[in-house]
**Student:** 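One structure is given below, represented as structure tokens, and several questions about it will come after.
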Amino acid sequence: MTLETKKNVFIALGKFLSQFSESGNTRKESVLGNEVFFDSFVDLIQLSQSHNGWYTPENVYFAIESWAKALTKENLDTWLNAYNFENSTTKKVALILAGNIPLVGFHDFLSVLITGHQALIKTSSNDQHLLPFLAKYIIHIEPEFTDKITFTEGKLENFDAVIATGSNNTARYFEYYFKDKPSIIRKSRNSVAVLNGQETKGDLVALGKDIFRYFGLGCRNVSKLFVPIGYSFDAFFEAMYEYQEVIHYEKYANNYDYNKAVFLMSNFKLLDNGFLTLKEDNSHASPISSVFYEYYENLSELEQKLELEAENLQCIVSNNLIKNSVAFGQTQQPKLWDYADKIDTITFLLIT
């Protein structure tokens, strides 16, 4: 199978996904495989929340729309033209996927297949349906992928390399268990935002997307704010009211009540607007429904601090206050070449 053939399959998948939106599902006659997959995918989207309570239709649709936008010929060419695929040999790559947000493992899946390898996939118990469905669609479009995709619930065996994603605790287990295999082991990371008080309301509303999308469960969600000494949170909280409906979601509300109670029982000082708490804390990892904050005196010193903590950070959000930072509202829409943990997956797979 040539690289162009593989790209065309994923372009077809992108067109298939482009039919599904929270504002309405629209069947397009030109899309391949609709007679088999369109209605079934609509049903799966609606059932996703019964499989995982955090997978609301809104969040599943957002993930689907994001991948529909990513899987275009222009994006695939821009991404892949930087690599030489000529001397790669086929290997079997084990994928141990996370399930914190919908289709979080799709990029690894795509990378393995686009480089010509076989994917041996162990899905998270929290996300066992979406990726297998898309794999069936891919095989329907191009049957040569049949032998390239295997899902397993048992022990991973007979593979040449591994890409595994988990918590810091599971990462230590992965590093030991896979010590004799070429590997990418991803640990827990968090994203932070750097503010200076000059942000517009539009900036802060967009920042709310980085905080609340997927209920804050992703490593690209902002869980920590760095603000200058004397910063007033009034404008921040005013902007956050755009997202007040989140408290009507029971699982989120339960976390808000629980985490707020824990903080108050520990006599921590909190800022609270009824659906989000702010707590001054040096940690980057805040619990669901809470964002930590930390004061800074000097931006240059803060930038140095963040460089030292780079291994724990996925994204830094700001209005260009920090070099290579992500714009407000954009953390959950990475490009194909925006690699998790800044590890070039394609290069790893080509030299493995």
Side-chain angles (χ1 to χ4, degrees), residues 1-17 32 63 66-98 103-124 127 130-152 156-166 174-175 178-186 314 334-352:
M1 207 179 341
T2 67
L3 178 60
E4 287 305 311
T5 297
K6 288 179 283 191
K7 283 197 280 190
N8 286 336
V9 172
F10 283 100
I11 292 168
L13 175 62
K15 291 178 179 177
F16 174 75
L17 296 176
L32 300 174
S66 297
W67 279 111
K69 293 174 184 176
L71 295 174
T72 65
K73 184 180 189 307
E74 180 182 7
N75 285 334
L76 286 165
D77 287 343
T78 300
W79 177 36
L80 299 173
N81 283 347
Y83 303 95
N84 182 356
F85 291 82
E86 292 181 2
N87 298 319
S88 62
T89 57
T90 300
K91 302 288 179 64
K92 183 178 287 187
V93 182
L95 297 178
I96 301 176
L97 305 182
L103 293 173
V104 67
F106 185 85
H107 192 279
D108 289 336
F109 172 78
L110 165 63
S111 298
V112 169
L113 295 182
I114 210 74
T115 50
H117 296 305
Q118 295 173 293
L120 175 63
I121 306 159
K122 193 175 184 67
T123 60
S124 166
D127 191 1
L130 291 169
L131 185 60
F133 184 96
L134 298 188
K136 289 178 182 177
Y137 180 85
I138 288 169
I139 292 169
H140 178 81
I141 299 301
E142 178 48 75
E144 283 194 51
F145 273 118
T146 302
D147 296 331
K148 297 283 190 180
I149 303 171
T150 303
F151 288 89
T152 181
L156 293 169
E157 296 179 323
N158 302 318
F159 56 90
D160 303 299
V162 62
I163 301 175
T165 303
F174 291 153
E175 287 169 349
F178 300 121
K179 62 182 182 296
D180 298 324
K181 301 284 187 181
S183 64
I184 294 176
I185 307 297
R186 299 203 183 98
Q314 194 67 260
K335 304 296 185 184
L336 291 172
W337 47 90
D338 291 332
Y339 292 106
D341 299 5
K342 299 179 177 62
I343 299 172
D344 189 324
T345 316
I346 297 293
T347 295
F348 167 78
L349 291 166
L350 290 176
I351 65 175
T352 295

**Student:** Does H117 use its side chain to pair, donor to acceptor, with the backbone of V93 at less than 3.5 Å?
**Tutor:** no

**Student:** Return the CZ to CD1 distance between F133 and I138, rounded to the nearest 0.5 Å.
**Tutor:** 11.5 Å

**Student:** CG of L349 to OH of Y83: how many Å apart, nearest 0.5 Å?
**Tutor:** 10.0 Å

**Student:** With rounding to the nearest 0.5 angstrom, report the CD to CG distance, E86 to L350.
**Tutor:** 11.5 Å

**Student:** Indicate yes or no: at least one non-hydrogen side-chain atom of L336 is less than 4.5 angstrom from one of L110.
**Tutor:** yes

**Student:** In Å, rounded to the nearest 0.5 Å, how long is the span from CG of N87 to CD1 of I351?
**Tutor:** 13.0 Å

**Student:** Report, as yes or no, whether the 6.0 Å neighbourhood of atom NZ on K91 holds more than 12 heavy atoms from other residues, nucleotides or ligands.
**Tutor:** yes

**Student:** Taking T352 for its side chain and F348 for its backbone only, find out whether a donor-acceptor pair lies under 3.5 Å.
**Tutor:** yes

**Student:** Test side-chain contact (heavy atoms from CB on, under 4.5 Å) on I96 and F178 and set out the steps.
**Tutor:** CA-CA 12 Å; I96 301 176; F178 300 121; 3.6 Å; yes

**Student:** For the CD1 atom of I163 and the CZ atom of F109, what is their distance to the nearest 0.5 Å?
**Tutor:** 12.5 Å

**Student:** Taking only residues two or more places apart in sequence, or in another chain, which ones meet E74 in a side chain to side chain contact (heavy atoms under 4.5 Å, CB included)?
**Tutor:** T72, T78

**Student:** Could you grab the distance from atom CD1 of I184 to atom CD1 of I343, nearest 0.5 Å is fine?
**Tutor:** 5.5 Å

**Student:** Who pairs with E4 by side-chain hydrogen bond (donor to acceptor under 3.5 Å, both in side chains), at least two apart in sequence or on another chain?
**Tutor:** K7

**Student:** With sequence neighbours left out, what residues match A119 under side chain to side chain contact (heavy atoms under 4.5 Å, CB included)?
**Tutor:** L95, V112, L113, I121

**Student:** Could you work out, with side chain to side chain contact (heavy atoms under 4.5 Å, CB included) as the rule, every residue matching T165, not counting sequence neighbours?
**Tutor:** A98, D108, R186

**Student:** Does some side-chain heavy atom of W67 sit less than 4.5 Å from a side-chain heavy atom of L13?
**Tutor:** no

**Student:** Output yes when a side-chain donor or acceptor of K181 lies under 3.5 Å from a complementary backbone atom of F159, and no otherwise.
**Tutor:** yes

**Student:** Partners of K136 by side chain to side chain contact (heavy atoms under 4.5 Å, CB included), sequence neighbours excluded?
**Tutor:** F37

**Student:** Given side chains that start at C-beta, do those of K148 and T90 come closer than 4.5 Å, heavy atoms only?
**Tutor:** yes

**Student:** Give me the atom names and distance for the closest heavy-atom approach of L32 to F16.
**Tutor:** O-CD1, 4.5 Å

**Student:** For the backbone of K69 and the side chain of N75, can you confirm whether one donor and one acceptor N or O come within less than 3.5 Å of each other?
**Tutor:** yes

**Student:** Testing the basics here: between A68 and G14, what is the closest heavy-atom pair and its distance to 0.1 Å?
**Tutor:** CB-O, 3.8 Å

**Student:** Establish, yes or no, whether a centroid distance under 6.0 Å links the rings of W337 and H107.
**Tutor:** no

**Student:** Sub-3.5 Å donor-acceptor pair from the side chain of K73 to the main-chain atoms of I11, do we have one?
**Tutor:** no

**Student:** Minimum heavy-atom separation for E142 and V9, please, with both atom names.
**Tutor:** CB-CG2, 3.5 Å

**Student:** I want to check a possible cation-pi pair here: K122 against F151, using under 6.0 Å from ring centre and within 45° of the ring axis as the test.
**Tutor:** no

**Student:** State, yes or no, whether a side-chain contact exists between F10 and I114 at a heavy-atom distance under 4.5 Å.
**Tutor:** yes

**Student:** Between Y137 and P132, is any pair of side-chain heavy atoms under 4.5 Å apart?
**Tutor:** no

**Student:** Tell me, please, which residues at least two apart from K335 pass salt bridge (charged side-chain N to carboxylate O under 4.0 Å, His left out).
**Tutor:** none

**Student:** Evaluate whether atom CG of N84 has more than 12 neighbouring non-hydrogen atoms of other residues, nucleotides or ligands under 6.0 angstrom away.
**Tutor:** yes

**Student:** Test side-chain contact (heavy atoms from CB on, under 4.5 Å) on F106 and S111 and set out the steps.
**Tutor:** CA-CA 8 Å; F106 185 85; S111 298; over 6 Å; no

**Student:** Walk me through it: do Q314 and D341 pass the test side-chain hydrogen bond (donor to acceptor under 3.5 Å, both in side chains)?
**Tutor:** CA-CA 6 Å; Q314 194 67 260; D341 299 5; 3.0 Å; yes

